[in-house]
2 protein chains.
Amino acid sequence: MLTTNRLVGRLNVMINRKEQILETAAELLQSRSFSSFSYKDIMDRIGIAKPTIHHHFSTKADLGLALIDHYIETTKVALEGINQKHRKPWDRIEGYFNWMSGIMLSGNKICPTGILQAEYNVIPEKMRKSLSFRTQFIQTWLATVLADGKAEGTMEFPGKPEDHALLIHSAIQGALQQARAEGAKKFTTVIHQLRKGMEVKK
Amino acid sequence: MLTTNRLVGRLNVMINRKEQILETAAELLQSRSFSSFSYKDIMDRIGIAKPTIHHHFSTKADLGLALIDHYIETTKVALEGINQKHRKPWDRIEGYFNWMSGIMLSGNKICPTGILQAEYNVIPEKMRKSLSFRTQFIQTWLATVLADGKAEGTMEFPGKPEDHALLIHSAIQGALQQARAEGAKKFTTVIHQLRKGMEVKK
DNA sequence: GTCTATAACGTGATAGAC
DNA sequence: GTCTATCACGTTATAGAC
């Protein structure tokens, strides 16, 4: 590890280390929870000393905040990626379902929004605002897709697009939690019901 | 406190104390999370010493298990109460929605299934089985109501009753979490969408 | 059943050397 | 940037007196 770091040079060490900590923390957050992972867990996983983590993220609240900002970035990349790859509303929705499905399949994980909202009263106060931003970002994206689908006549659902987007997001958040406890089938069933609930009745 | 306990007699003291601890723990579980509340929190809230709690629930895993069993009991009472009060499927579903709404309104709380599933990988192993039982119990009840509604022609939804029951339960679980972070409106919106999704199209 | 006292350990966080 | 060493505190849990 040390040898490798020295080989890639000083700047890369810093950047990689920080991102490595962040990735590890993200993994731990989604498989355990915010208050259930510790600096020691990170330390053990990537083989560095605890003060090294404190050097990059001086408090756990700072790490938590960076974590959410990191999620915001990957969310933007993921959703804009879907928009670029697919034009049709149905394809975009399926892209979103697939993205969520990937979270579930990548080993005992759930949606970060879910875990952080479940722990809302115990996470550091400054994490809450960023969390809210990410939640809104996803729901706004979903609402846009739904509005497009309704406009072109390929999707049908009750109420306003943003209301149905909220239903979808809530259901998937709950479904990921159910799926980890009860098996992947729970997730695919919920997706199926959501899909059926938006199909156009002839 | 002590005086009162002595007045009600020895047996009552034991029973009441145990239930008092359980109620307090339930409150803490739903407002914080399982790993985020401690014996000290209970101790501070009801003014007893920590070893007293250990006397009733020797380990935290035991307390957690008793907590879920307690939830199973109150769930049975609540759902059978709804069945006795209301005959029509729509009234029963609304009774369930109201019950969940009550959780949200009683101060910053969420569904215990939600919090425990969110922490699934960190809760003691013996809690998981009971948790699963309660989840299934609720979904089976919901499926029965949905099946009745479909049979009498007042409800309409895609797929099997148990599949739609899973969607409803997942959505509400997610909605309670969203509502605590983003405001009660999120919950009522999800309920509204679920309701619309089951109405009979003329 | 309840208490005081304490054990044994894990936590986030800091000081200071290299 | 990373380390060793250490701090102050909170955690679950137990021993033993009343």
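Naming convention: chains lettered A, B, ... in sequence-line order (proteins, then strands); numbering from 1 in each chain. Since the model is a prediction, treat every value here as computed from it, not as a measurement.
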For this session: Apply side-chain hydrogen bond (donor to acceptor under 3.5 Å, both in side chains) to B:Gln139 and A:Glu182, showing your working.
Result: CA-CA 12 Å; B:Gln139 276 163 212; A:Glu182 308 286 322; over 6 Å; no

Problem set entry | Strand DNA chain D in bracket notation, Watson-Crick/G-U under 3.5 Å with | for pairs to another chain | ||||||||||||||||||

Exercise. Where does the angle between the aromatic ring planes of B:His54 and B:Tyr39 fall among parallel (under 30°), tilted (30 to 60°) and perpendicular (over 60°)?
Worked result: tilted

For this session: Would you mind checking if B:Lys40 and B:Asp44 are paired as a salt bridge, meaning a charged N to carboxylate O distance below 4.0 Å?
Result: yes

Exercise. Within this structure, what is the CD1-to-C1' distance between B:Ile42 and D:dG10, rounded to whole angstrom?
Worked result: 15 Å

Problem set entry | d(CG, B:Asp44; P, D:dG10) in whole Å | 11 Å

Exercise. What pairs with A:Thr59 under side-chain contact (heavy atoms from CB on, under 4.5 Å), at least two apart in sequence or on another chain?
Worked result: A:Ala61, A:Asp62

Exercise. Please give, in whole Å, the distance from C:dG12 C1' to A:Lys60 NZ?
Worked result: 9 Å

Exercise. Is A:Phe37 close to A:Glu27 at the side-chain level, that is, under 4.5 Å between some pair of heavy atoms?
Worked result: no

Problem set entry | Atom-to-atom span, CZ of A:Phe57 to P of D:dT2 - whole angstrom | 12 Å

Exercise. Choosing from C:dT2, D:dC3, C:dA13, which nucleotide comes nearest the side chain of A:Thr52?
Worked result: D:dC3

For this session: Assess B:Lys196 against A:Phe157: is NZ or CZ under 6.0 Å from the centre of the six-membered ring, and within 45 degrees of the ring's axis?
Result: no

Seminar exercise, completed: Heavy atoms of A:Cys111 and A:Ile103 approach each other most closely as N-CG2, 4.2 Å

Exercise. More than 12 foreign heavy atoms under 6.0 Å from NE2 of B:His192: is that the case here?
Worked result: no

For this session: Mind checking side-chain contact (heavy atoms from CB on, under 4.5 Å) for B:Arg180 and listing every partner two or more places apart, or none if nothing turns up?
Result: A:Tyr120, A:Asn121, B:Asn108, B:Ile110

Problem set entry | Short side-chain N/O contact to C:dT2 OP1/OP2 from B:His56, under 4.0 Å | yes

For this session: Grab the CG-P distance between B:Leu63 and D:dT11 for me, whole Å please.
Result: 14 Å

Exercise. Just how far, in rounded Å, is P of D:dA13 from CD1 of B:Ile53?
Worked result: 11 Å

Seminar exercise, completed: Side-chain atoms of B:Lys50 come closest, of C:dC3, D:dT12, C:dA13, to D:dT12

For this session: List the atom of B:Val145, the atom of B:Pro89, and the distance in Å for their closest heavy-atom pair.
Result: CG1-O, 3.4 Å

Polar pairs (N or O, both sides) under 3.5 Å between protein and nucleotides 16-18 of chain C?
none

For this session: Calculate the interatomic distance between B:His55 atom NE2 and D:dA15 atom P; express it in whole Å.
Result: 14 Å

Seminar exercise, completed: Between NE2 of A:His54 and P of D:dC7 the distance, given in whole Å, is 16 Å

Exercise. With under 30° as parallel and over 60° as perpendicular, where do the rings of A:Tyr96 and A:Trp141 fit, or are they tilted in between?
Worked result: tilted

For this session: Please work out if B:Lys40 contacts a base, only the sugar-phosphate, or nothing of the nucleic acid, heavy-atom cut-off 4.0 Å.
Result: sugar-phosphate

Exercise. Near DNA chain D, under 4.0 Å by heavy atom, which residues of residues 24-38 of chain B?
Worked result: B:Phe37, B:Ser38

Exercise. Which residues satisfy the salt bridge (charged side-chain N to carboxylate O under 4.0 Å, His left out) test with B:Lys150, sequence neighbours excluded?
Worked result: none

